[in-house]
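Below is one structure, written out as C-alpha cells, with a few remarks after it.
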Protein chains: 2
Amino acid sequence: MSSRSQAIADTLTRAILDHRLVPGCKLGERELSEIFDVSRIVIRQSLIRLADDGLAQIERNRGAFVAHPSMQDAMEIYDALTLVEQGVAAQLSDRLGPAGWAELRQHVERQRQAVAVGNDALADVLGQEFHTVFVRLSRNKVMQEIHAQLVRRTTLLRSLITADFDYCNLLDDHARVIELLEKGRLKQAMELIDAHHRSVVRGYIMDRQVFPELTPREALEPYLNTKAGEQPKPAPRKEKKESKTRAHAHVHADE
Amino acid sequence: MSSRSQAIADTLTRAILDHRLVPGCKLGERELSEIFDVSRIVIRQSLIRLADDGLAQIERNRGAFVAHPSMQDAMEIYDALTLVEQGVAAQLSDRLGPAGWAELRQHVERQRQAVAVGNDALADVLGQEFHTVFVRLSRNKVMQEIHAQLVRRTTLLRSLITADFDYCNLLDDHARVIELLEKGRLKQAMELIDAHHRSVVRGYIMDRQVFPELTPREALEPYLNTKAGEQPKPAPRKEKKESKTRAHAHVHADE
DNA sequence: AACACAGGATTGGATATCAATCAATAAGAA
DNA sequence: TTCTTATTGATTGATATCCAATCCTGTGTT
C-alpha cells in the first residue's frame, strides 16, 4: 500500500462521502492523530490531500474543516460535471464499440432489477456507478480522475441539502441516454444529460447550518476496526428526522 | 500568504513549467530542504501537492521525481483538454456577452502585435494565456482549476519533446475560433479546437531519455533570490543545441 | 454594555531520532 | 572472469518533542 497519509485521506474521504463528516466539521489535527493513532504530521499530509481534492478547506492558523460549498460552488460543480459527461458522451458516440454499449445496458439492467427487488441501497450505488462506468469507457484515465473528483464533490454537496424533491423522474435517464447515443442522436443525449443534472441542482435547498450530529471520533470509528480496506459502511444517515420527503420515501440519490 | 509548503510547491511548479526541472529528475527531500532552507517535512508536503497535481510522482521508499508521462498519457491529457475547451466553447457560444467577445479579440490582437514586433517570448506567453482567458470567461472557478491543471501538464509534456515541427499554421487558430463561435458555428469551432490540439500532439516525438542538464540546486536558484513572488524567469531553455527546428526558428509553443 | 487584555488552545514549523527499504558496492563461489 | 550473495550506505516514512505565531475566549475594567 502507499503512504499512511493517503490511506487516512481515503478513510476521511469515505466518511465525508457517507455523510458521517458533514460540511463545516472541524478536523482537528490532534483529535485525528489520536483517532488514527498516528502523528500530527501524517494527519496534516492527509488534510492537504483532502484540500487538494476540494473536500476540505484549510484556513491558516485555524485548521481544516470539511468543505462547505456555497450554492454558487454547487452550480459550478454541476456545470463542470455536465460539461465533462457531455464531452464523454460525444466521444463515446463516435468511438464506442458494441461491447461498450452492452456493458452500459447491462449496468442499467442491474440497477433496474435492484429497484424491482426493492434493494434501494444497491440501486443507489449502481446509479452512482453508472456515471463512473460511462466515463471509464472513454479509456481516458485523466478524464476519469477529473470526473471522479467532481462526483466526490457532488456527493459532498448532498450533505448540505434537504433531499425533499422527487428524484423518480430521473430513474430512466440513464437508459434514455444510452438509447439516444446509440442512435447517434448526440445533441438530444447531451441535452438530456444537461437536464438530468440541472433538475437535480434545481432541487437543491441548501441549509446554511448543518448539525454535526456525530463527533469526528464517532464518525470515523466504524472505519477503524476493519484495518484491511473492507467496506464497513454502516451508513447511518440522518434518516431519523421526520420524513420530509414528499411522495417518494425511497430517495434515489442518483446524482 | 498561505502555507510555506504551498509556496514551495508553487516554486517547484514554476521550475517544472519553465523546463528547468525535467521529467525523471529526482526531487530528494534532503536536497530540497537544504535548497529552500526548510525542514524535510515542509518539502514532503510540497511534493504531495505536486503529485496531486500530476507534476510529480512519488514512489514508495524511493522518493519523488518530476513526472515522466508516457505517450499514452500525453494523448489522454490532450484529449481531456480538448474536451474541456470544446465544452467551454459550447457554453460561451450561448452565454457570452459582447464584452467577453471583445476581451477575446483584444487578447488575440495583443498577441498579433507581439508577433509583429518580433517579441516571441511575449507572444508565447499570450498564446498560452489565451486558453486561460477563454476558460475564465465561463465564470466557473471549478472548470478554471481543472483546465489550469491540464494546461500545466501539457506544459510539462513539452519538456519531453523535440519541438521540431511547424507551429505556424496554428497561429491564427485562436482568431478563427472566436470568429466561428461568434457566428454561431459551434460545430466548426469545436472541430477546429480538436484539430488545433490534435496537430500538436501528432507532432510529438517523445524522447525517452531526458538529460537533466541542471541539478535541482541550479534549476531552483533563480527563484530563491527574489523572496517576494516576483517573476525571475530567466528561462534558460535548451536552445543551446544545434537548431533542430526545421524551417521556422521562432517556435511558438502555443499549445 | 463595550472594550481591552491576558491566557489557553491550536496550528505551522524545526529538530532529532528510529525503522524499513532500496541501491550499490564488496565479497565469495562457480 | 562472471555470477550470486551479503553488507553497507543512503533515503524515505514516521514519531516525539519542542517552539513561535496566531486565534479564540473569558475575564476584568471602564
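Within every chain, numbering begins at 1; the chains are lettered A, B, ... in the order of the sequence lines, protein sequences first and strands thereafter.
Here dG12(C) presents its P atom at 7 Å from CD1 of Ile58(A), a figure rounded to the nearest Å. Note: CD (Gln6(A)) to C1' (dG13(D)) measures 14 Å, nearest angstrom. Across the protein-nucleic acid pair, Arg4(A) atom CZ and dT21(C) atom P stand 14 Å apart, rounded to whole Å. In this entry the distance linking CZ of Phe65(A) with C1' of dT11(C) reads 11 Å, nearest Å. Leu27(B) places its CG atom 14 Å from the C1' atom of dT11(D), with the value rounded to the nearest Å. Look at CD on Glu31(A): it is 10 Å from P on dT11(C), rounded to the nearest Å. Taking atom CG of residue Leu32(A) and atom P of nucleotide dT11(C), one finds them 9 Å apart after rounding to whole Å. Atoms CD1 (Ile41(B)) and C1' (dA14(D)) sit 9 Å apart, rounded to a whole Å.
There is a side-chain donor-acceptor pair under 3.5 Å between Arg49(A) and Ser3(A). Counted by atom type alone, His68(B) and Gln57(B) present zero donor-acceptor pairs between their side chains at under 3.5 Å. Gln6(B) and Asp10(B) share a donor-acceptor pair across their side chains, judged by distance under 3.5 Å alone. Side-chain atoms of Asp79(A) and Thr82(A) include no donor-acceptor pair closer than 3.5 Å.
Rounded to 10°, the helix from dA1(C)-dT30(D) to dA30(C)-dT1(D) has 0° between the axis fitted to its first five pairs and the one fitted to its last five.
For dC24(D), the OP1/OP2 oxygens have a side-chain nitrogen or oxygen of Arg62(A) closer than 4.0 Å.
Val42(A) pairs in a side-chain contact (heavy atoms from CB on, under 4.5 Å) with only one of the listed residues (Leu47(A), Asp37(A), Ile8(A)), which is Ile8(A). Partner of His147(A) under the side chain to side chain donor-acceptor pair (under 3.5 Å) criterion, out of His131(A), Arg152(A), Glu85(A): Glu85(A) alone.
Contacts between residues 42-57 of chain B and DNA chain D, defined by a heavy-atom separation under 4.0 Å, are made by Arg44(B).
The side chain of Ser39(B) approaches dT15(C) more closely than any other nucleotide in the set dT12(D), dT15(C), dT11(C). Minimum atom distance to the side chain of Arg60(A) is reached by dG13(C), of the listed dG13(C), dT12(D), dA14(D).
The residue among Gly28(B) and Asn61(A) whose nearest nucleotide of DNA chain D lies closer to the 5′ end is Gly28(B).
Arg40(A) comes within 4.0 angstrom of a base, heavy atoms only.
Shown here are the salt bridge (charged side-chain N to carboxylate O under 4.0 Å, His left out) partners of Glu76(A), two or more places apart in sequence or in another chain: there are none.
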